[in-house]
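Shown next, in structure tokens, is the structure this report addresses.
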Amino acid sequence: MAIKGYIRERFFPHIWCPGCGHGIVLNSLLRAIEKLGMSKNEIVVVSGIGCSSRISGYVDFHTLHTIHGRALAFATGVKMSRPELNLIVPMGDGDALAIGGNHFIHSARRNIDMTAIVMNNRIYGMTGGQYSPLSGYGTLATTAPYTNIDYAFDTVELAKAAGASFVARSTTYHVQQLTKILKQAILHEGFSVVEVLSQCPTYFGRKNRKGTAADMMEFYKDNTTPVGSKAKKENPDLIERGVFVEKEMLEYCREYEKIIERAMKGRS
Amino acid sequence: MKNQNIKFIQGNEACVEGALYAGLDFFAGYPITPSTEIAELLSYRLPQKGGKFIQMEDEIASMGAIIGASLTGSKVMTATSGPGFSLMQEALGYAIMTEIPCVIVNVQRGGPSTGIPTHVSQGDVYQARWGTHGDHAIVTITASNHQDVFQTTVDAFNISETYRTPVILLYDEVIGHMREQLVLPKQGELPLVERLRTSVREGVNYHPYLPREDGRLPMSDFGGVHRYNVTGLFHDMWGFPSDNPEVVHDLIRHLVDKIRNNVNQIARFKEYYLEDAKCILISYGSSARSARHVVEYLRPRGEKLGLLELQTLWPFPHDIVNEKCVNAKHVVVVEMNMGQILREVKRAVERPERVFIANRIDGVFITPKDIRDILRVIQGKGV
Ligand SMILES: Cc1ncc(C[n+]2csc(CCOP(=O)(O)OP(=O)(O)O)c2C)c(N)n1
Ligand code: SF4
Ligand SMILES: [Mg+2]
């Protein structure tokens with residue numbers, strides 16, 4: 001199906017600012033789904049609240065736009081009741097890792113089959129530019145007018161430590177790679193985390209003098225490197241992108257099927 | 001011979017029996033005294049019938065999970081107590097806004113905060129009504145004995161399906177932990193309301209938020225043949241966000257009116273000796289046990305005492321309370337809080353100055369003697 005077929009045209013125009021990276025994530029996601037040849041009825045998109053979370057409204061799948069930070073909890077209920085569905089959970093960095101941090105690590109720990117996409121613009125876009133747990137030390141935000149003294153999470157390290165069985169990172173500059181990674185993440189059976197560095201020119205860019213949207217994407221090009229590259233050894237400040245973890249682990253819903261079998265046997 | 005249908009169990013277990021009878025498919029929860037037995041028992045019982053249980057990382061997640069599961073067509077429940085109920089409020093509002101059926105059990109303990117975890121209270125009556133933000137309506141039901149716990153749990157599922165609304169079962173520690181007899185009704189003995197599913201076929205436009213002529217909104221199992229959007233934002237009949245003043249106005253009216261216009265259908269209550277009662281006790285939950293004891297004790301001693309036991313607390317049955325109390329000289333509300341239902345009763349009756357309270361707020365169960373002592377004062381018989 002052509003990409004356009006996956007979109008709800010009556011929902012447009014979208015709310016995103018010109019140059020916002022979130023639209024590129026949407027594009028990449030739909031291309032990944034198209035390449036996988038999935039039907040619209042097998043896909044559920046559950047999101048929270050934020051500019052990023054608006055993605056759910058624009059796509060012609062089963063879409064559940066929930067409350068701030070809790071998308072993974074709602075998705076867990078959907079997935080457990082209908083394990084045959086493919087769950088995709090796009091979240092903002094604040095949504096996923098501040099207010100939703102607890103659900104993030106626990107979903108990873110359970111290894112429940114869904115794809116969590118963290119659209120990391122290092123800022124609270126929707127509420128107008130406050131610092132997030134991914135802004136990092138030394139950044140500026142409307143709530144850090146003197147400078148931010150909070151250290152940032154490393155999404156990849158956090159996901160790995162929490163037990164996610166697929167962990168990857170890409171950026172809005174590297175759309176080909178992003179599409180490929182999203183495909184892999186959706187196919188992976190278990191909890192997949194894909195962090196996407198996604199520019200917010202309106203708030204993070206402006207506050208931190210990062211230039212235009214194009215400049216911010218250039219930054220992703222110049223300051224990232226494939227996982228395990230030589231360049232990283234020479235310049236530790238480079239951000240790695242690619243697939244960090246891809247391992248087979250027992251999946252939660254399948255394990256619960258075994259619990260049901262056991263419980264039913266015990267009864268007869 | 002042992003009768004399998006007669007059980008001697010805790011109220012929390014009676015609630016589980018009622019939920020399973022009503023067709024519970026999915027439970028998500030987080031342990032908290034005095035509700036924990038509900039989660040424990042369901043982790044054992046649900047998979048035996050192919051249902052699902054999950055212990056989530058907190059009560060916020062529990063609410064999220066049951067809402068997600070309900071949307072796919074499951075009958076769902078969670079159970080908690082004060083602190084957990086506080087955490088659930090935002091997602092509870094989401095279920096109200098998106099009209100997703102679910103049942104939330106709050107086995108009340110003393111608050112505020114961690115309060116008095118192992119002792120009884122009825123302090124969450126207003127929280128059940130107004131705990132989540134914004135104008136809204138809610139259904140809250142309670143019971144005073146295990147047969148009624150079973151029945152009201154079944155009712156809660158039926159009401160939540162009928163009106164597409166969350167229903168709160170507001171029990172309390174005494175009910176939850178006390179043991180008494182429950183006679184299990186046979187399958188088919190109590191009516192069950194199943195999910196009203198749309199008759200719109202696959203490939204035909206389905207409007208998730210377009211009410212039928214009778215005001216009910218047929219659902220389509222999420223993830224099934226119809227794709228639609230669900231959001232906690234104000235939304236149109238498609239489920240698409242809208243800030244159109246007319247859409248906003250109509251939705252809030254719809255959410256409130258669908259409950260308000262059915263107060264009498266939702267009202268459940270019991271009455272004892274009201275016909276000629278000069279003094280009427282109004283009570284609910286475990287307090288109603290002591291209130292009933294007082295009435296049964298004083299009637300043979302010539303006192304014209306009656307009891308109105310409320311099971312539906314919200315929407316408050318103002319008209320029913322008004323009507324029952326017309327001829328009473330005194331009305332005494334018996335509850336274990338500072339007067340939450342007292343205030344509603346005063347608003348309902350013709351002469352609010354004749355309404356008094358008999359209460360305890362110290363974590364100790366209110367006894368018949370406590371009530372009799374207060375009655376003597378109210379009736380001017382001295383201390
Ligand atoms: C419980 C709650 N607290 C706060 C908010 C306000 N709020 C809405 S979106 C948001 C943060 C959005 O940032 P992020 O998740 O990074 O997404 P972005 O907009 O940057 O894509 C906040 C704080 C809310 N909606 N709900
Ligand atoms: S505020 Fe930032 S994140 Fe939000 S739409 Fe605009 S550019 Fe995108
Ligand atoms: Mg953000």
Side-chain angles (χ1 to χ4, degrees), chain A residues 8 10-11 15 40-47 49 54 56-87 99-100 102-103 105-107 109-110 112 252-253 256-267, chain B residues 25-28 43-76 78 90-95 97-98 100 102 202 220-233 235-236 238-241:
Chain A
R8 286 182 180 137
R10 68 178 300 264
F11 231 118
I15 63 151
K40 296 200 276 189
N41 271 354
E42 0 167 16
I43 300 175
V44 175
V45 177
V46 185
S47 66
I49 298 292
R54 288 302 186 100
S56 58
Y58 304 134
V59 291
D60 190 18
F61 306 126
H62 306 286
T63 57
L64 183 57
H65 181 234
T66 68
I67 53 179
H68 193 30
R70 320 297 174 192
L72 288 168
F74 284 73
T76 298
V78 173
K79 181 69 185 178
M80 271 192 87
S81 310
R82 300 283 305 267
E84 71 281 9
L85 294 169
N86 279 290
L87 272 284
I99 192 164
N102 202 27
H103 312 307
I105 56 175
H106 286 278
S107 305
R109 177 180 61 79
R110 285 187 196 107
I112 187 164
Y252 193 81
C253 296
Y256 200 85
E257 288 305 324
K258 293 184 203 162
I259 296 284
I260 291 178
E261 257 173 54
R262 208 179 283 178
M264 284 183 162
K265 256 194 223 137
R267 243 178 96 117
Chain B
D25 301 298
F26 183 91
F27 179 98
S43 71
Y44 181 71
R45 296 281 297 276
L46 265 176
Q48 291 178 338
K49 54 162 272 197
K52 312 238 163 118
F53 166 93
I54 185 170
Q55 181 172 312
M56 294 299 284
E57 51 273 20
D58 59 31
E59 290 84 351
I60 305 173
S62 304
M63 265 312 284
I66 66 164
I67 294 169
S70 174
L71 199 53
T72 67
S74 304
K75 285 193 176 178
V76 303
T78 186
E90 188 193 7
L92 177 63
Y94 183 87
M97 183 62 137
T98 53
I100 299 178
C102 52
E202 180 168 8
S220 173
D221 292 350
F222 192 73
V225 297
H226 302 107
R227 291 183 306 279
Y228 54 93
N229 187 55
V230 177
T231 177
L233 291 162
H235 47 267
D236 60 18
W238 296 91
F240 287 169

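Heavy atoms only: backbone and side chains are in, while hydrogens, waters and symmetry mates are out. Letters go in sequence order (proteins before strands), and every chain restarts at 1.
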Most heavy-atom pairs under 4.5 angstrom with chain B, which of R109(A), E42(A), H103(A)?
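Most heavy-atom pairs within the cutoff with chain B belong to H103(A).
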Chain B interface, residue from H68(A), E84(A), M80(A) that has the most non-hydrogen pairs under 4.5 Å:
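Of H68(A), E84(A), M80(A), M80(A) has the most heavy-atom pairs under 4.5 Å with chain B.
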Looking at [options], which makes the most heavy-atom pairs under 4.5 Å with chain A?
options                 : result
Y44(B), F26(B), F222(B) : F222(B)
S70(B), G51(B), S62(B)  : G51(B)
G93(B), A69(B), G50(B)  : A69(B)
G64(B), G232(B), G73(B) : G64(B)
A28(B), G224(B), A91(B) : G224(B)

Is [X] close to chain B through its backbone or its side chain, or both, or neither, when contacts mean heavy atoms under 4.5 Å?
X       : value
E257(A) : side chain
L64(A)  : both
K79(A)  : neither
R8(A)   : side chain

From [X] atom [atom1] to [Y] atom [atom2], the distance as rounded to the nearest 0.5 Å:
X       : Y       : atom1 : atom2 : result
I49(A)  : L233(B) : CD1   : CG    : 6.0 Å
T231(B) : I67(A)  : OG1   : CD1   : 11.0 Å
F74(A)  : I66(B)  : CZ    : CD1   : 9.5 Å
H106(A) : M56(B)  : NE2   : CE    : 9.5 Å
R70(A)  : I60(B)  : CZ    : CD1   : 3.5 Å
I99(A)  : E90(B)  : CD1   : CD    : 6.5 Å

Please enumerate all residues that pass side-chain hydrogen bond (donor to acceptor under 3.5 Å, both in side chains) together with T66(A), with sequence neighbours excluded.
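side-chain hydrogen bond (donor to acceptor under 3.5 Å, both in side chains) check on T66(A) returns nothing, list empty.
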Polar side-chain atom of R82(A) near backbone of G223(B) as donor-acceptor pair, under 3.5 Å
yes
State, with a plain yes or no, whether a side-chain heavy atom of K52(B) is found less than 4.5 Å away from one of I260(A).
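The answer is yes, as the side chains (C-beta and beyond) meet within the 4.5 Å cut-off.
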Pair listing, salt bridge (charged side-chain N to carboxylate O under 4.0 Å, His left out) test, anchored in residues 55-71 of chain B, at least two apart
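The answer is R110(A)-E57(B).
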Which heavy atom in [X] sits nearest to a heavy atom in [Y], and how many Å separate them?
X       : Y       : answer
R227(B) : N41(A)  : NH1-OD1, 2.9 Å
S74(B)  : S81(A)  : OG-OG, 3.6 Å
F11(A)  : P241(B) : CZ-CD, 3.1 Å
Y252(A) : I54(B)  : OH-CG1, 3.4 Å

Which region of L71(B), side chain (C-beta onward) or backbone (N, CA, C, O), has a non-hydrogen atom less than 4.5 Å from a non-hydrogen atom of chain A, or is it both or neither?
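For L71(B), the contact with chain A is made by the side chain alone.
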Check whether Y94(B) gets within reach of chain A through its side chain, its backbone, both or neither, counting any heavy atom under 4.5 Å.
side chain
